[in-house]
Amino acid sequence: MSYLLSTDAWLYVMTSEGAYPEASCSPDLMNAAAATRAWAENVDSDLIHVSIITYGEVLVIHGAARSNLSLQYELQDAIDILETISGEDRVLNLTREDMAHWARIYGALGSDPQLSFEDSYVLAQALCQGYTYVGCRTEVISSIENIGLNFLDPEEWQSLQDEI
């Protein structure tokens, strides 16, 4: 099984607790970050992929992180990894086939999808590739699961681990 991470999930995995999210963030974000990092420790990193869309978002975040030097340096390291030959293999480019799944997503969500274009492209890639999308559960995600999205919420995963 391969995984395609949401931008937040990728940031949680690729940065340290002190860098992202900021300490002033809500407890919900801190819990999501901790659960995602715990999940990632139990997965072979070769199975984790990122969308070219997330790569672009990370470049924007990196450029804006001037006041958070820890985040800026850690993101630079993560970007450097993605720019290696083995890192490039983990970055999914958008394809014509992805767009067919993108159209299915919008068809399933109706006239007011409440979904950013960035997220919709990443979700389409997960559907197209048969990868499990890793991120926080939302109503939109639950709707897309109905059209075949494989989905993992690390907080749900963590609560199952806690029961074992």
Peer 1: Between Arg90 (side chain only) and Ser45 (backbone N and O only), is there a donor and an acceptor less than 3.5 Å apart?
Peer 2: yes

Peer 1: Taking the six-membered ring for Trp and the single ring otherwise, decide whether the centroids of Tyr3 and His49 are under 6.0 Å apart.
Peer 2: no

Peer 1: Evaluate the side-chain proximity of Leu123 to Ile141: yes if any heavy-atom separation is below 4.5 Å, no if none is.
Peer 2: yes

Peer 1: For Arg37, is there an ion pair with Glu17 - N to carboxylate O distance below 4.0 angstrom?
Peer 2: no

Peer 1: Under 4.5 Å between any side-chain heavy atoms of Leu5 and Val50, yes or no?
Peer 2: no

Peer 1: If you count the non-hydrogen atoms of other residues, nucleotides and ligands that lie under 6.0 Å from CD in Gln76, is the total more than 12?
Peer 2: yes

Peer 1: Do Ser142 and Glu139 have side-chain heavy atoms sitting under 4.5 Å apart?
Peer 2: no

Peer 1: Can you tell me if Gln125 uses its side chain to pair, donor with acceptor, with the backbone of Leu92 under 3.5 Å?
Peer 2: yes

Peer 1: Under the ring pair (Phe, Tyr, Trp, His ring centres under 6.0 Å) definition, can you give me all pairs with a residue in residues 5-34, not counting sequence neighbours?
Peer 2: Tyr12-Tyr20

Peer 1: Does the side chain of Tyr106 reach to within under 4.5 Å of the side chain of Ser120, using non-hydrogen atoms?
Peer 2: yes

Peer 1: State whether a side-chain donor-acceptor pair under 3.5 Å links Glu74 with Ser70.
Peer 2: yes

Peer 1: Applying the side-chain contact (heavy atoms from CB on, under 4.5 Å) criterion to Thr54, which one of Leu4, Thr7, Asp119 satisfies it?
Peer 2: Thr7

Peer 1: Transitively linked via ILVMFWY side-chain contacts under 4.5 Å: Met1 with Val134?
Peer 2: yes

Peer 1: Measuring only between side-chain heavy atoms, which start at C-beta, is Phe151 closer than 4.5 Å to Thr132?
Peer 2: no

Peer 1: Are side-chain heavy atoms of His62 and Ile79 found at a separation under 4.5 Å?
Peer 2: yes

Peer 1: Given a cutoff of under 4.5 Å between side-chain heavy atoms of I, L, V, M, F, W and Y, with clusters grown through shared members, what are the other residues clustered with Leu69?
Peer 2: Tyr73

